Amino acid sequence: MTPGRAPPPGPRGLLRRLREVMAEAGTVEERLGRVVRNIAANMVAEVCSVYLLRNDDLELYATEGLNPDAVHKTRLKVGEGLVGDIASNARPLALADAQNHPQFAYKPETGEEIYHSLLGVPILRDSRVIGVLVVQNQTRRQYADEEVEALETIAMVLAEMVASGQLSSGEDLAAVSRASTLPFRADGRMLSEGLAIGVAVLHEPRIHVEKTIADDIPYEKERLDAAVASMRDQVNRMLEAPDSDIVGESREVLETYKMFAHDTGWLAKLHQATESGLTAEAAVLRVQADTRHRMQAITDPYLRERLADLDDLANRLLLHLTGKPTHSAAENLPDNAILFARSMGPAELLDYDRRKLQGVVLEEGSSVSHVAIVARALSIPVIGGCEGVIARVEPGDTVVVDGDHAQVFVRPAPDVITAFHQSLSLRKARLAKYAAQRDDPPVTRDGTRISLLINAGLLIDLSHLDETRADGIGLYRTELQFMVRPTLPKAEAQTAIYRRVIEHAGDRPVVFRTLDIGGDKVLPYLVKHPEENPAMGWRAIRLALDRPALLKVQLRALLSAAAGRKLHVMFPMIAEVDEFRRARRLLDREVQRMVNLRKPVPVGIAVGTMLEVPALAWQLPALLPLVDFVSIGSNDLMQFLFATDRGNPKVADRYDPLSPSMLGFLHWVVQQCRAAGKPITLCGEMASRPLEAMALIGLGLERLSMPANAIGPVKEMLRSLDIPQLAGFMAGLYASPEHSVRAQLEEFARENGVIV
Ligand code: PEP
Ligand code: MG
């Protein structure tokens, strides 16, 4: 462009001008000076300043309008002043009267007191803040949304220039990239206990965009259109593919992708962004940033979920543009990986090499979600509910996961690492104490023998049986073995696994639960039908009775594996007696079939049911004569009793298992089972926490099944407990009008020396 001729207004002209500036001779300072001058002119602002993160401070790198002497002198901490606020929240700020904002921090050396309005946006590189771009005006003016967007577009281009070294010297660049040294802590919820230190790995790797300013706008538009078309094609192909082709992708999510891939609003925004002079990739990032801002402002969980889908779709579109194959983070996993994901299913977790995976951090997730259950089985600490953590972490960062305090430390300071090592030795001492007590009998102070069993499902659990001296496996979740495989295991493979489990357990009983799939337990090779409420949908025994082939094969495998021994088997999600009768009939038929074929069968079969659906409790008089035992699945029971989705972090912990209604319900059920002489166990996560286990024993349960690592603390608790005393105390709690009786139970434990 000839000097002197004004560029076309708006970011498009400015982007073109910025590219020219980059090509011009001069030092980096001169170039940066020209950049801010051009931005100020284009935005009709008196001031334009660039702050870059340097050694953890936001340093004024260039300015048009403020005192030039302040350059490299004015520094703000992240979070300090308005500029620091923009950096810490990674969000734009537009203020007509900046000086009266409570966050305003006056820096006299800048001479900024005459400028009233301020518009600032974060300079983001790979979703991380590396600086702040600010324009200021003397008049108290309101900045329009288009101006905010234009400045964000410019900030994106600046980020690329900074990262490529065009705007800062080599030394500065290193300092800027060292911005990642800033430590931070994220608080969440402990989903699986434990402590770990390792390096951050993103479950969904980030995509780097190398070039942001378009050389040829029509060409970029064509690239964008082609990528959208190929992405639509791919989604359609996946949706239309025969069931077996939908690997790991749920149909429901694909349907949402499809809807968005045709959403005219989204596509129009992408086009506008390319029109403004961005490359197709940068346009996608630009629109994605908008989606993220909107997400931060929205509290409705449904809308947030949809925006999150849109965010995922933007990533997918980027892959189509960059042509890079989606490589799974599970490949090339470092030896001490701490995995970061927005959310994750149990099967995805099982894709990772257990020996290398030290910890998991989720932005979502609840304590009874299956990913948490699987992580507990694998003894991997997991912290959930760490909102926004992924945008702030960089692959390779050192991370401490502290399950005991539900905290994650990213790029921790040395004192945190010291504290980590102290916690680790305390934890080791605690574990050593439990190990030393493992031969102590699980007998209460009043002499009642409590049966402690472990929950299992992976072969790794077998060693836990010996380590804990548990009485057996109270819940063997057979579906876990199905989830770790890429294809449906054949009958022989299933038999081999079950036989190994039974042989390892020897005289100790193993209660096999037949396949409980559906809900969040997805088998990659089985088609998932879109459902509004999968937890209450076509899952577990419902699916098994409607498509009995799978159950029949499994029952055959169980019968063969237990030939010559006693088999314990139970069915999940039974809601009415008739379902149990039908399931049992299938089993009886399989036994008969084997007898007819002269195949060896078990010497005895105990057949039980899970009690997870409240309706079944009202049929206990009809049910109990038909079953050999009952096992309460408190995770599902809680979700159905209280109508709270166990997988939804917003509500999963809203109600307390130590509520009068849950305890009263369990008390009533246990009494009926005892009167009928039928053994009853509780095998949900509730049994694993000492205080909850205390209440369960107090209401009459004498058999508890839990993750292996809970046996030590629960046994220590019960050995200090007097049941008649607690039962008497609890009799007064069932009718309480309170939300929870946790505090009363805690007080009981304190006053009576029960170790919880
Ligand atoms: C339960 O619901 O409590 C249970 C033990 O089953 P799962 O957690 O596998 O659904
Ligand atoms: Mg269940």
Side-chain angles (χ1 to χ4, degrees), residues 191-192 345-347 349-350 365-378 382 453-458 461 472-484 510-523 533-544 554 568-575 579-580 583 608-617 629-648 652-653 655 657 662 665-666 669-670 680-689 692-693 696 701 703-708 710:
L191 305 190
S192 171
L349 181 70
L350 289 167
S366 83
S367 59
V368 280
S369 59
H370 285 105
V371 67
I373 288 171
V374 170
R376 260 173 253 146
L378 298 172
V382 183
L453 305 135
I454 64 164
N455 293 347
L458 300 169
D461 292 315
I473 298 179
L475 166 64
Y476 188 91
R477 291 181 164 101
T478 57
E479 61 276 3
L480 297 190
Q481 283 298 339
F482 284 69
M483 284 156 60
V484 292
V510 179
V511 180
F512 288 97
R513 178 177 73 183
T514 61
L515 272 183
D516 180 12
I517 41 177
D520 64 344
K521 293 189 235 185
V522 183
L523 300 189
N533 286 306
M536 297 203 285
W538 197 52
R539 55 173 283 208
I541 200 67
R542 303 168 182 185
L543 200 152
Q554 186 179 34
H568 296 78
V569 60
M570 64 179 174
F571 302 109
M573 280 281 287
I574 297 283
E579 277 172 350
F580 177 80
T609 177
M610 295 278 292
L611 196 157
E612 305 180 274
V613 183
L616 190 63
F629 63 91
V630 174
S631 190
I632 301 172
S634 56
N635 306 334
D636 275 314
L637 183 64
M638 261 306 276
Q639 87 165 338
F640 299 130
L641 204 59
F642 279 100
T644 45
D645 182 351
R646 66 190 268 191
N648 178 348
D653 300 319
Y655 302 99
M662 180 70 169
F665 182 87
L666 294 175
V669 168
V670 170
I680 175 153
T681 310
L682 186 137
C683 65
E685 300 309 297
M686 195 179 167
S688 66
R689 294 183 289 269
E692 275 84 339
L696 294 172
L701 277 157
R703 297 170 56 81
L704 299 176
S705 191
M706 62 196 78

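Predicted model only: the values in this text are computed from it and were never measured. Numbering of ligands and ligand atoms starts at 1, following listing order. We count residues from 1, following the sequence as given.
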Practice item. Pull out every atom of ligand 1 sitting under 4.0 Å from any heavy atom of Asp636, numbered as shown with elements. Key: 1 (C), 2 (O), 3 (O), 10 (O)
Point to revise | Interfacing atoms of ligand 1 (cut-off 4.0 Å, heavy-atom, Gly684) | key: 3 (O)
Study note, to complete from the structure: One should read off an interatomic distance between Thr681 OG1 and Met706 CE, to the nearest 0.5 angstrom, of 10.5 Å
Check your understanding: Is a donor on one side and an acceptor on the other found under 3.5 Å between the side chain of Arg542 and the backbone of Met536?
Key -> yes
Check your understanding: Given that the side chain starts at C-beta and the backbone is N, CA, C, O, which of these parts of Arg477 lies under 4.0 Å from ligand 1, counting heavy atoms, or is it both or neither?
Key -> side chain
Practice item. Could you please spell out the steps behind the side chain to side chain contact (heavy atoms under 4.5 Å, CB included) verdict for Met686 and Leu704? Key: CA-CA 9 Å; Met686 195 179 167; Leu704 299 176; over 6 Å; no
Point to revise | Atoms of ligand 1, numbered as shown, that sit under 4.0 Å from any heavy atom of Leu475 | key: 5 (C)
Review point. Taking just the N, O or S atoms of Glu612, which one is nearest to the Mg ion (ligand 2)?
Key: OE2
Review point. Is any side-chain heavy atom of Phe482 less than 4.5 Å from a side-chain heavy atom of Ile517?
Key: no
Check your understanding: Which option out of Glu612, Met686, Glu479 puts a heavy atom nearest to atom 4 (C) of ligand 1?
Key -> Glu612
**Study point:** Atom pair OG1/CD1 of Thr609 and Ile541 - distance to nearest 0.5 Å
**Key:** 8.0 Å
Check your understanding: So does Asp636 have any N/O/S atom less than 2.8 Å away from the Mg ion (ligand 2)?
Key -> yes
Exercise for review: Enumerate the atoms of ligand 1 whose separation from the nearest heavy atom of Arg646 is less than 4.0 angstrom.
Suggested key: 2 (O), 7 (P), 8 (O), 10 (O)
**Study point:** Verdict with supporting geometry, Tyr655 and Leu641, side chain to side chain contact (heavy atoms under 4.5 Å, CB included)
**Key:** CA-CA 10 Å; Tyr655 302 99; Leu641 204 59; over 6 Å; no
**Study point:** Numbering as shown, the atoms of ligand 1 that approach Cys683 to under 4.0 Å (heavy-atom distance)
**Key:** 5 (C)
Check your understanding: About how many Å separate CE of Met610 and CZ of Phe580, when rounded to the nearest 0.5 Å?
Key -> 13.5 Å
Check your understanding: Heavy atom of Arg513 under 4.0 Å from ligand 1?
Key -> yes
